[in-house]
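In listed order, ligands and their atoms are each counted from 1.
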Amino acid sequence: MKKQLIAGNWKMNGSLVTNEALVNALAAGVGSAQCQIAVCVPSPYLAQVRGLVSGTGIDVGAQDVSVHESGAYTGEVSAGMLRDFGVRYCLVGHSERRQYHGETDAVVADKAQRALAAGVTPIVCVGETLAERETGRTEEVVKRQLAAVVHTNGHCISEIVVAYEPVWAIGTGKTASPEEAQQVHAVLRAQLRAATPKADRVLILYGGSMNAANAAQLLSQPDIDGGLVGGASLKPADFLSIIAAAH
Ligand code: 13P
C-alpha cells in the first residue's frame, strides 16, 4: 500500500537558528513514523535543511520553481538548481502564488513540467475560494486547475503529487470537514483516472488548517493520502502529532 505523505510548508518563516531547533526536534520524534515526511522551506535554507535532515528520513521540498530552465530571469530559481540541492519536492501553484503573484493555470502546469523534467516531484496545489464554494463552483474550479497540469504533462501525470487546499481554509482555522474534503478528493481522483491507469498511485494531500486535533479524521478518508501543513508544521509537537496520525 502506498504510504501517506505529510509535508510541512514553512512559507516565509524561519531563520538559521530556529530551523535547526525545529528540524532537530522533528528528527528526534519521527523514529516510528509510518508515513513519508517532507518540509518545504524557503530557498535560502535548502542547503541548511538538507544537511539537518540527512539520515532522518525527512525529505526536503521547495515552495516554488521558475517556469524557465535558465537565463536572464533575475531572482528566479530553476528546477535544476533545486535538484542540485537534493530537493525531492516542489510546491507549485500554491494559492498564495496564484493570488499574490498572478500565477495562472498555464504557468502552474509549465512549472510542474519543469520540476518533473529535473527529477523533482511537483506538489500541485488546487483549491477554490470562499466565493467559488458559496456559488457552487468548487468542482469546476479544481477540475480546471488540474486539467491544465494534466494537459501539459501527459503520461507523466502519475508522477505528480496533488494538494487540495481550499483557499478559505488556509491559515483561517476553518477546515474542510473530512466529508467535504473527501468529496473533492474523489473528484480529483476520477479526473486522474481518466488521464492515467496509474491514478491510484498518485498522492492527493489535503491542506488548510490541518492540525493535531483534526488530522486523524481527515487522513482516514479513502482518497486523502496525506497533508500539506502550514502553521502547524512550525510547531514540532503539533507536526509530530499529525505525522503520528498518518500511515
Ligand atoms: P495552514 O495549515 O496554515 O492553514 O496552511 C495551509 C497551507 O497553505 C499549506 O500549504
Side-chain angles (χ1 to χ4, degrees), residues 4-14 18-19 22 26 35-43 45-46 49 58-65 82 87-101 103 108 111-112 115 120-130 132-133 138 141-142 145-146 149 160-178 180-181 184-185 188 203-219 221 224-246:
Q4 294 188 328
L5 168 64
I6 302 297
N9 174 9
W10 290 2
K11 308 195 179 186
M12 199 172 72
N13 295 291
T18 61
N19 298 346
L22 174 54
L26 294 178
C35 63
Q36 306 178 73
I37 304 163
V39 287
C40 298
V41 311
S43 295
Y45 297 127
L46 288 170
V49 175
I58 301 172
D59 283 310
V60 179
Q63 298 176 8
D64 185 31
V65 65
L82 297 181
V87 167
R88 167 111 189 250
Y89 299 101
C90 178
L91 304 181
V92 298
H94 191 279
S95 68
E96 288 149 18
R97 301 290 317 169
R98 294 179 191 261
Q99 186 180 350
Y100 305 132
H101 301 274
E103 289 192 10
V108 172
K111 288 185 170 194
V120 174
T121 300
I123 300 178
V124 175
C125 304
V126 301
E128 81 288 1
T129 62
L130 186 59
E132 288 162 343
R133 173 161 282 262
T138 298
V141 169
V142 299
Q145 291 172 332
L146 184 59
V149 182
I160 73 169
V161 172
V162 177
Y164 169 54
E165 297 209 301
V167 178
W168 50 270
I170 294 178
T172 58
K174 286 189 200 156
T175 320
S177 69
E180 283 171 327
V184 178
H185 281 232
L188 296 169
L203 298 175
I204 307 179
L205 315 183
Y206 170 79
S209 298
M210 185 181 265
N211 59 39
N214 62 28
Q217 265 208 307
L218 286 160
L219 292 168
Q221 298 299 309
I224 299 185
D225 306 313
L228 182 54
V229 185
S233 75
L234 298 170
K235 301 176 195 151
D238 291 30
F239 196 52
L240 286 168
S241 296
I242 295 171
I243 289 166

Among non-hydrogen protein atoms, atom 3 (O) of ligand 1 lies closest to G231 N, 2.8 Å

**Prompt:** Quick one: does S209 get a heavy atom under 4.0 Å from ligand 1?
**Reply:** yes

Taken in chain and number order and not counting sequence neighbours, the residues that satisfy salt bridge (Lys or Arg N to Asp or Glu O under 4.0 Å) with D59 are R88

Taking NZ, NE, NH1 and NH2 as the nitrogens, is one of them in E180 or R133 under 4.0 Å from a carboxylate oxygen of the other?
-> yes

Nearest heavy-atom contact between A169 and T175 is CB-CA, 4.3 Å

G208 near ligand 1 by a heavy-atom separation under 4.0 Å:
yes

Residue, atom and distance of the protein heavy atom nearest atom 2 (O) of ligand 1 read G230 N, 2.9 Å

heavy-atom search around atom 5 (O) of ligand 1 in the protein gives K11 NZ, 3.3 Å

message: When you measure from the heavy atoms of A169 to every atom of ligand 1, does any distance fall below 4.0 Å?
response: yes

- Do we see a donor-acceptor contact under 3.5 Å between the side chains of H94 and Q63? no

Residue, atom and distance of the protein heavy atom nearest atom 9 (C) of ligand 1 read E165 OE2, 2.9 Å

For L46 and G61, the nearest pair of non-hydrogen atoms, with its separation, is CD2-O, 3.7 Å

Here the atoms of ligand 1 under 4.0 Å from any heavy atom belonging to L228 are 9 (C), 10 (O)

Residue set satisfying salt bridge (Lys or Arg N to Asp or Glu O under 4.0 Å) with E96, at least two apart, ordered chain then number -> K11

query = Y164 vs H185 aromatic rings, parallel, tilted or perpendicular, using cut-offs 30° and 60°?
reply = perpendicular

In terms of its nearest heavy atom to atom 10 (O) of ligand 1, the top option of K174, H94, E96 is H94

Closest to atom 4 (O) of ligand 1 among protein heavy atoms sits G171 N, 2.6 Å

